[in-house]
Amino acid sequence: MTILNSLCRINNLFKPLKLSENVFLVARRSLASTGTYDYDLAVIGGGSGGLACAKEAVNLGAKVTVLDYVTPSPQGTKWGLGGTCVNVGCIPKKLMHQAALLGESIHEAVAYGWEVPSLDAIKINWPALTEAVQNHIKSVNWVTRVDLREKKIDYVNGLGEFKDPHTLIATLKNGSKKEITAKNIVIAVGGRPHYPDIPGAVEYCISSDDIFSLGHPPGKTLVVGAGYIGLECAGFLNSLGYPATVLVRSVPLRGFDQQMAQAVTSEMEQKGVVFHNKCVPLSVEKLETGQLKARWQNTETQERGEDVFDTVLMATGRYALTKTLNLEAAGVTCVSNSGKIIAETEQTNVSNIYAVGDVLEGKPELTPVAIHAGRLLARRMFAGATQPMDYDNVATTVFTPLEYGCVGLSEETALARHGADKVEVYHAFYKPTEFFIPQRNIRNCYLKAVALREAPQRILGLHFVGPVAGEVIQGFAAAVKCGITMEQLMNTVGIHPTVAEEFTRLNITKRSGKDPNPASCCS
Ligand code: FAD
Ligand code: NAP
């Protein structure tokens, strides 16, 4: 313990207390054995955050139950235990993204000498793709159920709502009700896709809840919304051979570094995705052919547009599933206008009721965030730990055809927070070695480091558009968390030839006005 603490101090990585909390948590005796409540902890929602919290709590000796229930989408899609990430989020999305990348690789393989009988004959088999994806998901659902059973976490497949601050009512599949009492309750109900209030939206359109198990090929698709989900879905659909059009209300990836967002959409445009900027949907009508006629309007010019699609996918954000929780019965009042729970340290205004994950107001809606916050909360509840969740400098990646990974501040936010005089931006275009032989377009392979100008130039944000951006940014995210400076980054020896090494080669500032284009592969 002492050695670990000393090492920790030397490296200045964690505060000793935090390390000791992480490594030497002491399980407390279950309070449920006193018989006051059925459980020490009841979790509403068996997704990323809820399951992580439940498993950590049970490891620490608590008696735990998890309620999970999936209300079918308007199109009737439903799924099993595990929440959004596993069933209709990160996992099926990444698998379809991978399928799309593989399709592109077949074409590039020819340039490397692979003999492909007929490139024209290469096409995706949608039913085979969805079957493979769904089979994987079902195996994860099964493993999750077994894991809960082995950990002795009671799983209730029921829709939970509050009766009072310590009592939940679960409505089971057959309509029967079950009452559960618990000392602590965690709300981890996540969210579901929002549909704009226009004719035909709910009746005829699908959302990310439906796309990964769609029973027929999507065909020509209109994607409404240009956030994470809109761009990712448009990206993989288009690369799978289903022409995609995107309606962008304001700007793509609002809130992200806009220069990087432009690189992402410019690459998508070059691959054939059509963008209608500053456009909102007006209506979706079903034609006799079964196709969908979508109408939209440009909010600046008021010009109207329309086209016929096989599929319209709404990717216009997500709402928190708090409406059916009967929060009033528990006295939970810290709810925002949008229905999200305002809880800075995951604790609501009712001391024994907590919330984690997408249901929280103002926190990143990401699986690892929900998991980490859930685990830390369990440790605070059942092991006397004090470490709060740190929501700053959370890295993320948008899995578009050319991926975009980032951590920390965008250039815009850094300038707004610190002022243009105090911020230095290093940037470069680069050419991935693997793009040379297929002569792939490199115009959008771009990266930047946003740093304080004053030496040693602490880095505020790192941004990378290119292949495997998520893998690149993950390691650098740890460095940013440790307070890495430009000086340290420039003194880091790269791994050649990788795309990640481009961060160690950064030396041109925007302020200098020098050309950030690459000279040669080994310059
Ligand atoms: P969820 O995982 O949504 O779990 C909540 C669970 O509670 C659900 O099973 C729900 O049905 C259930 N529930 C709701 N109400 C009740 C109730 N009253 N009673 C019982 N059960 C209830 N994040 C990433 O980090 N990387 C990605 O690449 C990524 N890709 C994504 C792609 C898509 C298309 C989507 C939609 C999301 C993606 N996300 C991604 C976000 C990620 O999925 C979420 O941040 C994460 O799942 C949130 O976890 P959670 O525990 O808060 O909620
Ligand atoms: P989002 O990022 O908030 O994007 C919603 C998009 O819909 C925005 O472009 C928004 O435009 C547009 N929009 C909203 N209402 C509209 C309307 N009425 N008409 C037209 N356009 C409208 O939401 P999301 O894409 O649904 O993603 C939700 C969350 O899931 C994300 O915040 C993210 O945390 C998580 N997620 C993560 C990943 C990942 O890690 N790779 C992938 C997918 C999802 P404006 O910008 O003009 O508001």
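No experiment lies behind these values; they were computed from the predicted model shown.
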J.: Name all residues meeting the side-chain hydrogen bond (donor to acceptor under 3.5 Å, both in side chains) criterion together with H107; count only those two or more places apart in sequence or in a different chain, and write none if there are none.
T.: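 With neighbours one apart ignored, the set is empty.
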J.: After noting the C-alpha distance and the side-chain angles of F435 and T433, does the key distance pass the side-chain contact (heavy atoms from CB on, under 4.5 Å) rule?
T.: CA-CA 5 Å; F435 285 14; T433 310; over 6 Å; no
J.: Would a line drawn from the ring center of H216 to the ring center of W126 be shorter than 6.0 Å?
T.: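 Aromatic pair excluded; centres sit 6.0 Å or further apart.
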J.: Quick one, E108 and V110 - any side-chain contact, counting heavy atoms below 4.5 Å?
T.: no
J.: List the steps and the verdict of side-chain contact (heavy atoms from CB on, under 4.5 Å) for L462 and V480.
T.: CA-CA 8 Å; L462 292 175; V480 169; 3.7 Å; yes
J.: Taking only residues two or more places apart in sequence or in another chain, which ones pass side-chain hydrogen bond (donor to acceptor under 3.5 Å, both in side chains) with D147?
T.: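 With sequence neighbours excluded, D147 shows a side-chain hydrogen bond (donor to acceptor under 3.5 Å, both in side chains) to K55, K151, given in chain and number order.
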J.: Any Lys/Arg nitrogen of K93 or E232 sitting under 4.0 Å from an Asp/Glu carboxylate oxygen of the other?
T.: yes
J.: Please report, to 0.1 Å, the donor-acceptor pairs under 3.5 Å made by any side chain of residues 70-79, with sequence neighbours excluded.
T.:
from	atom 1	to	atom 2	distance (Å)
S73	OG	Q75	N	3.2
S73	OG	G76	N	3.3
S73	OG	T77	N	3.1
S73	OG	D210	OD1	2.6
Q75	NE2	V202	O	3.4
Q75	NE2	E203	O	3.2
Q75	NE2	C205	O	2.8
T77	OG1	D210	OD1	2.5

J.: Is any NZ, NE, NH1 or NH2 atom of the basic residue among D307 and R295 found under 4.0 Å from an Asp or Glu carboxylate oxygen of the other?
T.: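 Salt bridge flag = no for R295 with D307.
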J.: Do K510 and Q259 pair up side chain to side chain, a donor and an acceptor below 3.5 Å, judged on atom types alone?
T.: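 Note: K510 and Q259 side chains meet the donor-acceptor criterion.
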J.: Can you name the side-chain contact (heavy atoms from CB on, under 4.5 Å) partners of L292, sequence neighbours left out?
T.: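 Y204, V284, K286, V312.
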J.: I'd like to check the ring pair (Phe, Tyr, Trp, His ring centres under 6.0 Å) partners of F399; sequence neighbours left out, ordered by chain and number.
T.: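 Checked F399 against ring pair (Phe, Tyr, Trp, His ring centres under 6.0 Å); matches are H97.
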J.: Measuring only between side-chain heavy atoms, which start at C-beta, is P218 closer than 4.5 Å to L237?
T.: yes
J.: Answer with yes or no whether the side chains of N87 and N141 bring together a donor and an acceptor at under 3.5 Å.
T.: yes
J.: Return yes if a side-chain donor-acceptor contact under 3.5 Å exists between S336 and E361, otherwise no.
T.: yes
J.: Output side-chain donor-acceptor pairs under 3.5 Å for residues 240-251, partner residues at least two apart or in another chain, one line each.
T.:
none

J.: Which atom names give the shortest non-hydrogen contact between N444 and N441, and what distance separates them?
T.: ND2-ND2, 3.8 Å
J.: State whether K271 and E104 are salt-bridged, where the test is any N-O pair (Lys NZ or Arg NE/NH1/NH2 against Asp/Glu carboxylate O) under 4.0 Å.
T.: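 The answer is yes: the pair qualifies as a salt bridge.
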J.: Tell me if the aromatic rings of Y228 and F256 count as close, with their centers under 6.0 Å from one another.
T.: yes
J.: Would F464 and Y404 count as a close aromatic pair, with their ring centres under 6.0 Å?
T.: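 Ring centroids of F464 and Y404 are no less than 6.0 Å from each other.
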J.: Does the side-chain contact (heavy atoms from CB on, under 4.5 Å) test come out yes or no for F503 and V472, once each step is laid out?
T.: CA-CA 9 Å; F503 271 120; V472 171; 3.9 Å; yes
J.: Strictly below 4.0 Å, N to O, side chains only: are D358 and K340 in salt-bridge contact?
T.: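 Looking at K340 together with D358, the answer is no, because their closest N to O distance does not fall below 4.0 Å.
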J.: E303 and N298: side-chain donor and acceptor closer than 3.5 Å?
T.: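 The criterion, which ignores hydrogens and geometry beyond distance, is not satisfied for N298 and E303.
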J.: Rounded at 0.5 Å granularity, tell me how far CZ in R443 sits from NZ in K431.
T.: 13.0 Å
J.: Would you tell me whether S410 and Q258 have side-chain atoms, one donor and one acceptor, within less than 3.5 Å of each other?
T.: no
